[in-house]
Number of protein chains: 2
Amino acid sequence: MAIRTAERMLGQLRDAGFKITAQRVAIVTELADDPSHPTAQELYERLRPNEAAMSFATVYNTLAALEQVHACTALALSQGPTRFDPKMDPHHHVVCDQCGKMVDLPYSESPEAAALPEGFALRSIEKIYRGVCAPCRT
Amino acid sequence: MAIRTAERMLGQLRDAGFKITAQRVAIVTELADDPSHPTAQELYERLRPNEAAMSFATVYNTLAALEQVHACTALALSQGPTRFDPKMDPHHHVVCDQCGKMVDLPYSESPEAAALPEGFALRSIEKIYRGVCAPCRT
DNA sequence: CAACCTAATTAGAATCATTCTAATTGGCAA
DNA sequence: TTGCCAATTAGAATGATTCTAATTAGGTTG
Ligand SMILES: [Mn+2]
Ligand SMILES: [Mn+2]
Ligand SMILES: [Zn+2]
Ligand SMILES: [Zn+2]
């Protein structure tokens with residue numbers, strides 16, 4: 001499963017003309033089935049022990065490439081570093097104000113059917129309509 | 001109207017024991033009825049010509065104080081600097097991926113009744129459940 | 001299986017957003 | 001009016017991200 005997801009993501013990179021490098025394989029494999037929405041820093045620290053040389057810039061570059069080919073999403077939903085999400089089907093998020101951790105919630109139209117994590121103290125529900133504004137579409 | 005909102009916000013600061021300074025009056029007056037969700041930088045640049053001395057740190061400090069007394073909200077919904085919102089009743093936001101600009105949307109339960117700004121190209125609708133997670137509540 | 005072209009990687013500097021620091025100023029309660 | 005202590009200030013420090021310029025290495029071609 002981890003392998004299948006990683007292979008699919010690498011395929012998306014390849015199909016878009018990106019080269020498959022050892023660093024990209026490592027990063028994609030690390031991210032592929034991780035539901036924790038890791039930061040670039042976290043991925044870097046997990047990979048550093050194994051991969052001999054791995055630049056921090058490469059982590060950012062690879063994540064940007066993955067975003068371009070729609071193999072992952074960058075989530076900036078609160079202060080703190082951007083988090084990266086390999087889950088590409090539409091879904092919602094539970095976000096902790098304190099530590100920034102994020103948990104997936106199924107996409108459903110029923111307002112309060114959502115099963116929040118055990119012990120989570122809900123403060124607000126926010127809807128964000130994302131896209132590109134008229135002036136930016138020139 | 002602008003005066004009434006500003007006075008209310010200053011009252012909230014005063015009631016919480018914060019001192020009313022010339023800088024705080026200026027910042028609050030600038031933010032009070034601004035629907036544009038300005039950044040700290042934008043507020044600073046608007047105020048600088050008038051206020052003789054106004055430190056950038058003071059803008060951040062004052063915005064943090066306003067947040068503490070629930071007179072404004074800090075919104076970090078995409079990359080780029082945090083935006084500040086003096087509108088404290090629950091509402092949603094339309095966010096441009098490109099420039100980060102934000103527009104208010106009325107809080108309504110009907111999913112697609114929302115009147116998006118003219119020419120806005122909608123890409124996704126996202127729901128965020130905000131609060132504090134169990135480990136963070138110790 | 002070379003050789004080449006060019007994209008990708010690298011370390012470190014640069015930039016941007018935000019917070020901290022330590023010295024000075026000034027609200028406001030007594 | 002005085003004095004305490006919070007607020008302000010400029011600038012340094014920090015954290016996140018992007019840029020730069022030199023080196024390395026995919027992968028295509030001969
Ligand atoms: Mn997710
Ligand atoms: Mn708003
Ligand atoms: Zn938490
Ligand atoms: Zn825009």
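In the text below, chain A, chain B and the rest are named by the order of the sequence lines, each starting its count at 1. Side-chain atoms are counted along with the backbone in the values below, which use heavy atoms only and exclude waters and symmetry mates.
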Whole-Å distance between [N] [atom2] and [X] [atom1]?
X      : N       : atom1 : atom2 : value
N61(A) : dG12(C) : CG    : C1'   : 14 Å
Y44(A) : dG12(C) : OH    : P     : 10 Å
F56(B) : dT21(C) : CZ    : P     : 19 Å
D15(B) : dC28(C) : CG    : C1'   : 15 Å
E42(A) : dA16(D) : CD    : P     : 10 Å
L13(B) : dG27(C) : CG    : P     : 15 Å
L47(A) : dT9(C)  : CG    : C1'   : 15 Å
Q23(B) : dT24(C) : CD    : P     : 18 Å

- prompt: With no hydrogens and no angle check, do the side chains of D104(A) and H37(A) hold a donor and an acceptor under 3.5 Å apart?
  reply: yes
- prompt: Using a distance-only test with no angle check, is there a side-chain donor-acceptor pair under 3.5 angstrom linking D33(A) and T5(A)?
  reply: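 Yes.
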- request: State, to 0.1 Å, how close M9(B) and P86(B) come at their nearest heavy-atom pair, and which atoms those are.
  value: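 Of all heavy-atom pairs spanning M9(B) and P86(B), the closest is CE-CB, 4.4 Å.
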- line: Correct closest heavy-atom pair for C133(A) and R137(A) would be O-CG, 3.2 Å
field: Neighbours of DNA chain D within residues 63-83 of chain B, by heavy-atom distance under 4.0 Å
entry: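 Contacts with DNA chain D under 4.0 Å: none.
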- request: Step through the shown structure and confirm whether more than 12 heavy atoms of other residues, nucleotides or ligands are within 6.0 Å of CD on E67(B).
  value: yes
Can you tell me which nucleotide in [options] comes closest to the side chain of [X]?
X      : options                  : result
T58(A) : dG27(D), dT8(D), dT9(C)  : dT9(C)
T62(B) : dT8(D), dT9(D), dT18(C)  : dT8(D)
Y60(B) : dT9(D), dA17(C), dT18(D) : dA17(C)

Sidechain-backbone polar pair: T58(A) side chain, M54(A) backbone, donor-acceptor under 3.5 Å: no
task: Would you confirm whether E42(A), through its side chain, and T39(A), through its main-chain N or O, come within 3.5 Å as a donor-acceptor pair?
output: yes
- prompt: For T21(B) and dA6(D), is the shortest distance between a side-chain N/O and OP1 or OP2 below 4.0 Å?
  reply: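 No, outside the criterion.
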- request: Answer yes when E126(A) and K127(B) have at least one side-chain N-carboxylate O distance shorter than 4.0 Å, and no when they do not.
  value: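 Looking at E126(A) and K127(B), the cut-off is not met.
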Please list, pair by pair, any protein nitrogen or oxygen found under 3.5 Å from a nitrogen or oxygen in nucleotides 4-7 of chain C.
{"residue": "dA7(C)", "atom": "O4'", "partner": "K19(A)", "partner atom": "NZ", "Å": "3.3"}

statement: In this structure, CG of L43(A) is separated from CZ of R83(A) (nearest 0.5 Å) by 10.5 Å
